[in-house]
Amino acid sequence: MSYDTTSIEAKWQAAWAEADLFLATRDARPKYYVLEMFPYPSGRIHIGHVRNYTMGDVIARYKMSCGFSVLHPMGWDAFGMPAENAAMASGGHPKEWTYRNIDTMRGQMKPLGLSIDWSREFATCDPEYYGQQQALFLDMLDAGLVYRKPAVVNWDPVDMTVLANEQVIDGKGWRSGAEVERRELTQWAFAISSMAEDLLDSLGDLENWPDKVRLMQENWIGRSRGLQMTFPLSAPVHGHDGVEIYTTRPDTLRGASFIAIAPEHPLARALAQDDAELAAFATEVRRGGTTEEALETAEKRGYDTGLTVQNPLGGTLPVWVANFVLMEYGTGAIFGCPAHDQRDLDFARKYDLPVVAAFKPYEAESFEVGAAAYVPPKTELVEYVDNPAGVHRTTGHEGVETTIDWAETQGIGEGRVQYRLRDWGLSRQRYWGCPIPVVHCPDCGVVPERKENLPVRLPDDVTFDVPGNPLDRHPTWAATACPECGADARRETDTMDTFVDSSWYFARFTAPRADKPTVAEDVDYWMNVDQYIGGVEHAILHLLYSRFFARAMNVTGHLPAKAREPFDALFTQGMVTHPAYVTRDDKGRTIYHLPEDVDLSSGTVRATGEAIEIVPAIKMSKSKLNVVDPQAIIAQFGADTARWFVLSDSPPERDFEWTPEGAAAVHKHLTRVHRLATDIARADRAPNDADAELARATARAIAEVTQGIDGFAFNKSVAKLYEFTNTLSRSDAGAQARRDAMRTLAQLMAPMVPHLAEEIWTMMGGEGFVLSAPWPEADPALLVEDSVTLPIQINGKRRSEVTVPKDMDKAGIEARVMADDAVIRALDGGAPKKLIVVPGRIVNVVV
RNA sequence: GCCCCCGUGGCGGAAUCGGUAGACGCAGCGGAUUCAAAAUCCGCCGCCGCAAGGCUUGCCGGUUCGAGUCCGGCCGGGGGUACCA
């Protein structure tokens with residue numbers, strides 16, 4: 001009987017389906033919810049998907065064997081820009097494109113034999129899903145968690161449309177090539193910053209999250225304590241008597257040499273009304289995209305308003321308008337202290353402003369600020385110069401706190417906690433997203449749609465032949481009656497950020513067909529997600545938004561309190577990086593091509609024969625040029641080979657590299673296991689002395705493979721399975737002992753290669769499905785070793801070794817070590833300077 | 001720019017708590033089997049060196065009896081940077 005993957009895999013997939021093995025049921029068993037981040041339906045699955053979903057499948061199948069009722073669902077993150085881009089590029093409709101892709105990808109995923117409950121599948125672009133999302137939105141609006149505010153967007157002045165950051169390349173619109181400018185629109189926003197403190201403090205409870213993710217979120221939320229104070233204007237202007245600033249370094253007030261306000265600051269706007277030069281400056285610095293990176297790396301520029309403010313420490317400070325001050329953070333105004341801030345120093349040098357030290361290095365002989373600002377860590381001792389609060393030699397931390405206390409006593413300002421986290425702007429001027437269910441009435445203003453009218457459906461008759469939002473220019477869609485007064489009114493034509501769709505899908509999976517967002521009994525039973533698996537690229541936004549949404553859904557009664565942190569454990573798998581294939585048009589602009597549209601052997605675009613560039617050049621490598629089609633691999637070697645290979649070799653948290661040799665080698669190994677099982681099934685040898693050793697090896701394999709799965713180290717489990725297979729293959733044990741070992745091997749392999757495991761399980765006379773058999777347990781008695789070999793180091797270098805009984809005490813080990821030839825030679829008759837014995841580990845002789 | 005992560009043989013990687021660096025796999029080399037090959041099985045395999053021995057975890061420095069692991073500083077690569085998902 002040969003290893004025929006096609007028939008074996010089809011047979012077992014049919015048997016699992018027949019038995020409804022993966023249907024998640026609420027019952028008396030403890031539950032386990034394992035979830036992989038759902039895919040964007042881009043067109044075809046790639047080997048990264050295979051890896052991601054195989055990891056989740058290993059956990060799901062392992063937990064099933066451990067007696068849990070497992071929920072392992074799958075869906076589609078189906079709204080988003082690529083569908084509109086496809087419609088623009090080649091006609092067609094985003095809806096058709098998306099559902100066609102979903103069909104293709106589902107068809108590619110099913111042959112992998114994943115333990116998914118497909119009865120719960122949904123796409124976020126299903127009206128049944130986004131209608132419930134609209135209901136959530138309305139409840140959050142009611143709870144004060146959504147509001148409208150001005151927000152800055154990338155504006156393409158030629159296409160007259162809003163661009164995503166991705167569509168701004170080197171400050172220019174990707175299609176028009178026009179220089180992008182920042183423009184303010186009124187947008188809907190979630191009040192995520194109102195929960196900043198809780199989102200920050202609760203990170204400490206997420207013990208089963210990677211430290212790096214918690215750290216990134218902590219830095220992103222960015223709690224800071226500082227001083228908010230007002231500098232009185234020397235002469236009031238346009239109704240402003242002062243400039244309110246926020247600073248995290250009030251201890252540098254002595255070194256302040258200017259005030260800088262954002263170009264969007266109310267004072268700057270007021271002044272610009274009758275200062276054409278300032279208005280021109282404000283327009284000028286509005287050029288470019290909205291990303292933090294663009295703002296941070298832009299040249300620092302300023303405009304002197306000619307106004308001055310009174311410094312509470314005496315004298316006056318000039319008021320500048322500066323492009324590096326953000327209206328969205330703090331008060332939109334700062335004081336500049338060039339001596340202790342590099343950006344302020346660069347600004348001061350450029351515009352010839354004074355540089356005054358507020359403190360100098362501790363016990364420094366002389367001190368002068370040159371090209372670099374003096375910015376020691378806040379934990380370092382410094383010597384303050386003439387500090388108003390009277391501090392002298394202390395740390396920055398102390399200096400800040402003392403100065404805040406002083407400022408409060410003097411009535412100059414107040415200590416304040418500030419977060420970097422901004423509210424989440426959710427409005428998008430795009431078609432392929434969840435419509436925001438509100439109506440603009442000329443009389444009643446902004447009015448929520450009635451829940452009984454949900455879902456507010458997207459119209460199908462739209463075109464993408466001109467830039468801009470098809471909803472906005474649709475002839476009839478927006479026309480409606482005001483839900484309050486019945487007058488003619490207009491629907492909101494913005495749709496929601498697609499991050500909203502992915503912020504609650506995990507909750508919807510617990511009751512995917514319900515006629516309300518969630519069902520209490522189902523979320524009570526299934527929440528929280530016990531193990532969430534996905535890419536580290538989602539470490540901040542998606543995970544933070546989901547944490548916020550879970551809280552908001554708790555406030556609005558859609559989730560229990562226990563689900564305020566929805567993901568009990570998080571694993572971030574290695575990134576799947578794609579090389580990008582690029583050609584340039586006649587204007588030198590880059591055009592990207594899908595990997596499958598590129599012929600790598602000739603380095604050209606298949607359709608046009610144009611030569612491609614591969615970017616980024618540094619990432620270019622033989623392996624990354626390999627574009628692997630999972631379907632071809634399954635056809636050639638079977639799903640089990642693909643599954644085993646993506647789990648072997650690379651640790652799950654690191655990037656994975658596919659090599660054709662590796663896949664072939666895996667197939668060879670699985671064929672060998674199958675042949676070994678066939679041989680063992682037929683064998684007829686009497687019990688003998690080797691049986692006990694094989695039993696010990698089996699116990700070790702159980703312990704080590706289980707430990708690997710528990711610790712998310714599938715590559716190590718795979719290595720141990722190789723070892724155990726080699727041991728079993730070479731064992732002279734009797735037929736029954738080898739059958740027992742083979743049956744255990746099938747169980748241990750089952751989470752990784754479930755089809756082959758079922759086949760072998762049956763061959764070995766196992767009852768039912770291997771998946772339904774309880775996970776094997778290692779007999780502790782068989783794991784105990786009675787002696788241990790200790791390496792002997794001499795001066796930290798390994799020179800010899802000694803084998804001693806496992807429980808031998810230090811004195812006994814010392815005696816054995818002193819009798820070792822290498823030690824005797826090294827000591828040359830003398831006594832060791834030091835003898836370090838770490839029982840069970842190592843011996844180090846210092847001579 | 002800022003935040004986070006990673007760097008070990010020809011290659012993917014192992015070393016779980018500061019304690020034998022290189023498990024396991026790939027590639028390579030040698031052998032058995034074969035008329036021959038494929039397949040299979042057995043063995044070797046970090047670098048320098050005939051050997052004794054020396055060197056070796058991106059680079060430089062530090063702590064320690066002992067550092068791939070801890071600390072400081074560099075270099076290189078990756079991710080995120082709020083409208084890619």
> Pick the P atom in B:A14 and in B:A85, then give their distance to the nearest Å.
34 Å
> For the residue pair A:Ser176 / A:Asp156, report whether a side-chain donor-acceptor contact shorter than 3.5 Å exists.
yes
> Within 90° of 0 counts as syn, otherwise anti: where does B:G9 fall?
syn
> Given the P atoms of B:G72 and B:C3, what is the spacing between them in whole Å?
14 Å
> Which letters describe nucleotides 24-31 of chain B, given B = protein heavy atom under 4.0 Å from base, S = only from sugar-phosphate, - = neither?
SSS-----
> Taking only the P atom of each, what is the distance from B:G13 to B:C6 in whole angstrom?
14 Å
> By the definition side-chain contact (heavy atoms from CB on, under 4.5 Å), identify the one residue from A:Thr641, A:Ile633, A:Asp640 that meets it with A:His667.
A:Thr641
> Any strand is fair game: report the nucleotide pairing with B:A23 by Watson-Crick or G-U wobble, both distances under 3.5 Å, or none.
none
> Could you tell me whether the side chains of A:Asn154 and A:Thr290 share a donor-acceptor contact shorter than 3.5 Å?
yes
> What integer distance in Å separates A:Gln217:CD from B:A82:P?
16 Å
> With the threshold set at 4.0 Å, does a side-chain nitrogen-carboxylate oxygen contact exist between A:Glu299 and A:Lys350?
yes
> Among the candidates B:U40, B:G79, B:C83, find the nucleotide nearest to the side-chain atoms of A:Gln187.
B:C83
> Separation of A:Arg798 atom CZ from B:U56 atom P, in whole Å?
18 Å
> Using both distances under 3.5 Å as the test, list the Watson-Crick or G-U wobble partner of B:G7, or none.
B:C75
> Does any donor atom in the side chain of A:Tyr545 or A:Asp497 lie under 3.5 Å from an acceptor atom in the other side chain?
no
> Using atom CG of A:Leu326 as one end and atom C1' of B:A82 as the other, report the distance to the nearest whole Å.
12 Å
> Taking atom P in both B:U64 and B:C71, compute the distance separating them and give it to the nearest angstrom.
16 Å
> Between A:Trp504 and A:Tyr129, do the side chains contain an N or O donor and an N or O acceptor separated by less than 3.5 Å?
yes
> Is there a donor and acceptor pair closer than 3.5 Å between the side chain of A:Gln429 and the base of B:C83?
yes
> In whole Å, measure the gap between the P atoms of B:U56 and B:G68 for me.
10 Å
> State which of B:A21, B:C83, B:U81 makes the closest approach to the side chain of A:Glu293.
B:U81
> Could you measure between the two C1' atoms, the one in B:G7 and the one in B:G58, and give it in whole Å?
6 Å
> Can you tell me how the ring of A:His538 sits relative to the ring of A:His542, calling it parallel under 30°, perpendicular over 60° and tilted otherwise?
perpendicular
> Taking atom types as modelled and ignoring hydrogens, do the side chains of A:Trp188 and A:Glu492 form a donor-acceptor contact shorter than 3.5 angstrom?
yes
> Can the ring centroids of A:Phe347 and A:Phe324 be said to lie less than 6.0 angstrom from one another?
yes
> When you match A:Pro39 and A:Pro791 each to their closest nucleotide on RNA chain B, which lands nearer the 5' end?
A:Pro791
> If B:U40 has a Watson-Crick or G-U wobble mate with both distances under 3.5 Å, name it; if not, just say none.
B:A32
> With A:Thr495 as reference, evaluate A:Leu471, A:Ile436, A:Asn469 under the side-chain contact (heavy atoms from CB on, under 4.5 Å) test and give the passing residue.
A:Leu471
> Where the side chain of A:Lys716 is concerned, which of B:G13, B:G19, B:A14 is the nearest nucleotide?
B:A14
> Look through every strand shown and name the nucleotide pairing with B:G49 as Watson-Crick or G-U wobble, where both distances are under 3.5 Å.
none
> Measure from the side chain of A:Arg654, starting at C-beta and using heavy atoms only, and say which of B:A82, B:G13, B:A85 lies closest.
B:G13
> Could you give the distance separating B:G9 and B:G22 at their P atoms, to the nearest angstrom?
14 Å
> With respect to the side chain of A:Leu215, which nucleotide from B:A85, B:G19, B:C5 is positioned closest?
B:C5
> Is the closest basic N to carboxylate O distance between A:Arg214 and A:Asp211 below 4.0 Å?
yes
> Give the nucleotide from the list B:C83, B:A14, B:G1 with an atom nearest to the side chain of A:Glu292.
B:G1
> Which nucleotide in the set B:A85, B:G79, B:G1 lies at the smallest distance from any side-chain heavy atom of A:Tyr40?
B:A85
> Measure CZ/A:Arg730 against C1'/B:U40 and give the value in whole Å, please.
13 Å
> Nearest whole angstrom, please: distance from the P of B:C3 to the CZ of A:Arg223.
20 Å
> A:Trp76 has an atom CH2; how far is it from atom C1' of B:A85, in whole Å?
14 Å
> What nucleotide, of B:C3, B:U81, B:G79, holds the atom closest to the side chain of A:Asn219?
B:C3
> Is B:G1 paired to anything, Watson-Crick or G-U wobble with both distances less than 3.5 Å, and if yes, which nucleotide?
B:U81
> Between P on B:U40 and NE2 on A:His667, what's the gap in Å once rounded to a whole number?
11 Å
> Find which nucleotide of RNA chain B each of A:Lys212 and A:Thr290 is nearest to by heavy atoms, and output the residue with the more 5' nucleotide.
A:Lys212
> List the protein contact pattern of nucleotides 63-75 of chain B with one symbol per nucleotide (5' to 3'): B for base contact, S for sugar-phosphate-only contact, - for none; contact means a heavy-atom distance under 4.0 Å.
--BS---------
> Can you confirm whether the side chains of A:Asp501 and A:Gln133 place a donor and an acceptor under 3.5 Å from each other?
yes
> Is the distance from OP1 or OP2 of B:U81 to the nearest side-chain N or O of A:Thr291 less than 4.0 Å?
no
> Using whole Å, report how far CG of A:Leu541 lies from C1' of B:C84.
11 Å
> If we take the P atom in both B:G12 and B:A23, what is their distance in whole Å?
15 Å
